[in-house]
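In what follows, every chain begins at residue 1, and chains take the letters A, B, ... in the order their sequences are listed. All values reported here derive from a predicted model rather than from experimental measurement.
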Amino acid sequence: MQKDFIAELQWRGMIHDMMPGIEKQLSKELTSAYVGIDPTADSLHIGHLVGIMMLKHFQDAGHKPIVLLGGATGMIGDPSGKSKERNLLDEETLRVNEAGIKKQVMKFLDFDASADNNAKLVNNYDWMKDFSFLGFIRDVGKHITVNYMMAKDSVKKRLSAESSEGMSFTEFTYQLVQGYDFLHLYKAENCKLQMGGSDQWGNITTGTEMIRKMEQGEAFAVTTPLIKKSDGTKFGKTESGNIWLDPKKTSPYKFYQFWLNASDEDMSNFVRIFSTKSKDEIEALEKEHNQAPHLRVLQKALAEEMTVRVHSQEALDMALKASSILFGKSTTEELASIDEDTLLSVFEGVPQVTITKDELAAVDNATTFLAETTQGIVFKSKGEARKMIQGGGVSVNKNKVEDPNAEVDFQLLQDKYILVQRGKKNYYLVIVE
RNA sequence: GGGGGAAUACCAAAGCGGCCAACUGGGACGGACUGUAAAUCCGUUGUCUUUCGACUUCACAGGUUCGAAUCCUGUUUCCCCCA
C-alpha cells in the first residue's frame with residue numbers, strides 16, 4: 001500500500017528479528033497487528049513508545065494497528081522480565097488505567113472508525129476473565145507441550161541452577177496466556193502479526209504455534225531491539241524517575257528537557273525510532289547536526305516533535321520559554337517581564353517558601369536572608385550560605401550575589417516573588433506576602 | 001580450641017604522643033570553560049560561626065599523660081593462619 005512497512009522499520013533500525021514470509025503477507029492484504037502493553041499505571045511512559053511507534057508506522061503503511069492492554073497478563077508477570085511476579089490489579093484500577101492509556105495512544109494512532117485500517121484498543125482481561133481454569137487447560141493447554149514451554153529462554157533461565165528463586169506455576173503459564181491472546185485476536189480480528197521487544201520473541205512464537213496447531217493458520221512475529229543508551233543506563237529514566245506521557249506525572253517542560261539532553265551518540269537511534277520524519281529529512285538533520293554539533297539540531301528537532309505530539313504546541317512554547325529562563329542568559333529584566341502564570345508554571349515543583357514583607361524588611365544581609373529568613377530551604381546554616389556565596393554559587397533573580405554581607409535590596413518579581421538560585425540547576429521561589 | 005592482624009569522615013586509604021578536624025584518591029556539591037555535553041582546571045566537603053574561634057569526631061568503655069586517632073586495660077565486630 002502506501003509504504004513498505006518492513007523496509008521502513010529496517011532503515012529505522014527497529015527490527016531485531018522477524019519471521020519469514022511477513023513481507024508477502026503484508027503486500028497481499030490489509031493486515032492487523034498488535035502490540036501488548038501492561039496497564040500497570042494510568043499513563044504510558046516513553047519506554048512504551050517504541051511499540052506504539054511500530055504500530056504508527058504499521059498504520060501509515062495502510063495496515064490496522066491493535067493495542068492490546070494486558071489486563072490479564074499484567075496480573076501475572078512475564079518470567080523473563082524482572083523475574084518477579086506482579087501485584088494483581090483490581091478491575092476498577094484496570095479500567096482507570098485503560099482509559100488513561102487510550103487517551104494517550106490516540107495521539108499517535110488514528111482511531112477514526114470510518115477508515116478501514118482504524119486503530120483499535122482491546123483488553124485481554126475482557127476475554128480472559130470468564131475463562132474457566134478447566135476450560136483453559138482443556139482447550140488451550142493440551143495443544144502445547146511442556147517440553148515446548150521449557151525450551152524457552154525465559155523459562156530455562158528460571159529453572160537453571162544459577163537462578164536464586166523458583167518460578168511459580170502462574171509464571172510458567174504466562175506464555176500460554178499471552179499466546180492465547182494472539183490466538184484470540186487471530187480469530188476475532190483476523191490479526192496475523194504480533195510485535196514487541198526482542199525479549200518477547202519466545203512468548204510471541206508460542207502464540208504463532210497455537211495458531212498453527214489449533215487453526216492451521218499462519219501468523220507472524222516482528223521484534224525490535226531493546227533500546228540501549230551509549231552510557232549503558234536504562235532508557236527513559238532520569239534521576240527523578242520515569243518519563244511519563246501524563247503531564248501531571250512529568251511536566252511538558254521536563255519531557256522536553258529529556259529529549260533535549262539526550263547524548264549525541266544516542267540521537268541517531270532515537271530520532272529514527274521516535275520521529276515520524278522521513279529518511280531524507282532525518283539524514284539532512286543529521287548532516288546539519290554533524291556540522292555544528294553544539295547547536296544540537298537533532299535534539300531540538302526531536303524534542304519539539306515529541307512535545308507537540310504528546311502534549312501540544314502551547315506546551316512546547318511554555319517549555320521553550322521555561323528553558324530559556326532556566327538555562328539561557330536571561331537577565332533580571334527578562335525575568336521581571338514574565339507574567340505570573342508563566343512564572344509559577346516554570347517554577348512548579350521547585351521548593352518554595354512564603355515570608356512576610358516585614359520579615360523581608362528586617363533582614364540585615366544576604367547570608368541571613370538565604371539561611372534564616374527563608375527558613376532553611378536554600379541553606380541550613382549561615383556558614384553554609386556564606387561559603388557558597390564566596391564560591392560564587394548563589395544568584396538572586398539571575399544576579400550573582402557577590403558579597404555575603406551585601407544588603408538585601410531585591411526587586412520583587414510581579415511584586416511578590418524572589419527567585420533564588422543555588423548553582424546552575426537548583427531554584428527556590430520565595431513568595432513575599 | 002590455639003596463634004596473628006585489623007577497626008579512621010559518604011567510600012577507599014594515610015597518620016602511630018603535641019605542628020590533626022586529620023595527607024591523598026574517589027564520590028558529592030559549587031566555580032571557570034562548554035553545547036543545559038564530555039574532557040580539563042579551580043574551590044568546598046564534621047557542626048556552628050563575619051575574621052578570631054567554639055564545640056563534637058578516628059569501633060565501644062575506661063585509664064596513663066600538661067596533652068591521645070596515636071600508649072595501656074577491658075569489650076564488640078571483622079579478617080587470616082594452625083587444629
Side-chain angles (χ1 to χ4, degrees), chain A residues 228-240 243 250-271 285-304 306-307 316-331 334-335 338 345-351 362-396 398-408 419-428:
Chain A
K228 287 204 187 73
K229 287 211 300 180
S230 55
D231 61 3
T233 56
K234 207 173 171 221
F235 169 76
K237 295 240 180 183
T238 62
E239 317 81 64
S240 46
I243 302 292
T250 300
S251 73
Y253 160 72
K254 281 193 191 135
F255 185 83
Y256 175 83
Q257 285 286 326
F258 171 81
W259 299 103
L260 191 67
N261 277 320
S263 71
D264 292 353
E265 303 88 83
D266 291 330
M267 270 325 282
S268 55
N269 283 332
F270 287 8
V271 78
L285 276 174
E286 278 183 328
K287 206 171 154 198
E288 198 184 330
H289 181 88
N290 289 334
Q291 277 163 6
H294 61 281
L295 294 178
R296 285 179 299 161
V297 176
L298 273 175
Q299 281 93 335
K300 280 180 186 159
L302 186 60
E304 285 178 18
M306 296 307 290
T307 308
L316 171 65
D317 293 343
M318 185 68 84
L320 287 172
K321 197 159 191 174
S323 300
S324 89
I325 293 168
L326 265 47
F327 297 105
K329 294 191 177 57
S330 60
T331 58
E334 263 182 82
L335 202 56
I338 289 162
S345 66
V346 167
F347 294 106
E348 193 193 348
V350 147
V363 173
D364 53 351
N365 62 41
T367 307
T368 312
F369 175 73
L370 294 169
E372 289 174 359
T373 313
T374 51
Q375 298 162 23
I377 61 160
V378 188
F379 296 107
K380 308 199 285 296
S381 73
K382 293 169 100 173
E384 202 180 315
R386 190 167 287 112
K387 272 180 196 157
M388 191 62 90
I389 292 171
Q390 280 163 349
V394 182
S395 294
V396 171
K398 285 283 172 185
N399 269 337
K400 191 159 277 187
V401 178
E402 309 280 357
D403 177 5
N405 297 316
E407 281 184 35
V408 168
L419 181 66
V420 179
Q421 202 177 342
R422 200 198 76 212
K424 278 202 179 77
K425 290 179 179 167
N426 305 299
Y427 287 86
Y428 306 88

Distance between C1' atoms of C66(B) and A6(B) (Å, rounded): 32 Å
Would you kindly compare K380(A) and K425(A) by the position of their nearest RNA chain B nucleotide and give the one closer to the 5′ end? K425(A)
In whole Å, measure the gap between the C1' atoms of G5(B) and U51(B) for me. 47 Å
Pair pattern of RNA chain B in dot-bracket, where unpaired bases get dots and | marks partners in another strand, Watson-Crick or G-U under 3.5 angstrom: ((((((((.[[[..)..(.....]]]((((((.......))))))(((....)))...[[[[[..)....]]]]]))))))).
Expressed as a whole number of Å, how far does the C1' atom of U64(B) sit from that of U73(B)? 10 Å
Heavy atoms only, 4.0 Å cut-off, all strands: where does D266(A) land among base, sugar-phosphate and nothing? nothing
Go nucleotide by nucleotide along RNA chain B from the 5' end; which of E372(A) and Y253(A) gets its closest nucleotide reached first? Y253(A)
Using the C1' atoms only, state how far C29(B) lies from A68(B), rounded to an integer number of Å. 34 Å
Provide the distance between the two P atoms, one in A37(B) and one in C71(B), to the nearest whole Å. 49 Å
Span of RNA chain B, from the first to the last nucleotide whose atoms fall under 4.0 Å of chain A heavy atoms: C29(B) to U50(B)
Students often get this wrong, so: under 4.0 angstrom with heavy atoms, is L260(A) touching a base, only sugar-phosphate, or nothing? base
In the structure I gave you, are the side-chain heavy atoms of H289(A) and D264(A) within less than 4.5 Å of one another anywhere? yes
Kindly indicate, with the supporting measurements, whether the criterion side-chain contact (heavy atoms from CB on, under 4.5 Å) is fulfilled by V394(A) and F379(A). CA-CA 11 Å; V394(A) 182; F379(A) 296 107; 3.7 Å; yes
Over all heavy atoms of both residues, which pair between Q299(A) and A262(A) is shortest? Give the atoms and the distance, please. NE2-O, 2.9 Å
Nearest heavy-atom neighbours spanning E384(A) and K380(A): OE1-NZ, 3.5 Å
Have a look at G383(A) and say if it touches a base, only the backbone sugar-phosphate, or nothing, with a 4.0 Å heavy-atom cut-off. base
Integer angstrom distance from the P of G30(B) to that of U24(B): 22 Å
For a side-chain contact (heavy atoms from CB on, under 4.5 Å) check, start with the C-alpha distance between M306(A) and F270(A), then their side-chain angles and the critical distance, and finish with the verdict. CA-CA 11 Å; M306(A) 296 307 290; F270(A) 287 8; over 6 Å; no
Mind checking Q299(A) for me? I need base, sugar-phosphate or nothing, with any heavy atom below 4.0 Å counting as a touch. base
In whole angstrom, give me the gap between the P atoms of C23(B) and G1(B). 42 Å
Which heavy atom in A385(A) sits nearest to a heavy atom in L370(A), and how many Å separate them? CB-CB, 4.4 Å
For nucleotides A14(B) and A69(B), find the distance between their C1' atoms and express it as a whole number of Å. 12 Å
So what does S323(A) hit on the nucleic acid, given a heavy-atom distance under 4.0 Å: a base, only sugar-phosphate, or nothing? base
Select base, sugar-phosphate, or nothing to describe what S263(A) touches, counting heavy atoms under 4.0 Å on all strands. nothing
What are the two closest non-hydrogen atoms of R386(A) and T367(A), and how far apart are they? NH2-CG2, 3.7 Å
Give the ring-plane orientation class for F347(A) versus Y427(A), where under 30° counts as parallel, over 60° as perpendicular and anything between as tilted. tilted
For a quick check of understanding: with a heavy-atom distance under 4.0 Å over all strands, which category does N261(A) fall into, base, sugar-phosphate or nothing? base
Touch check for D264(A), heavy atoms < 4.0 angstrom, all strands: base, sugar-phosphate only, or nothing? base
Within the 4.5 Å heavy-atom criterion, are M388(A) and R422(A) side-chain neighbours or not? yes
Could you check whether any side-chain heavy atom of L298(A) comes within less than 4.5 Å of a side-chain heavy atom of E286(A), counting everything from C-beta outward? yes
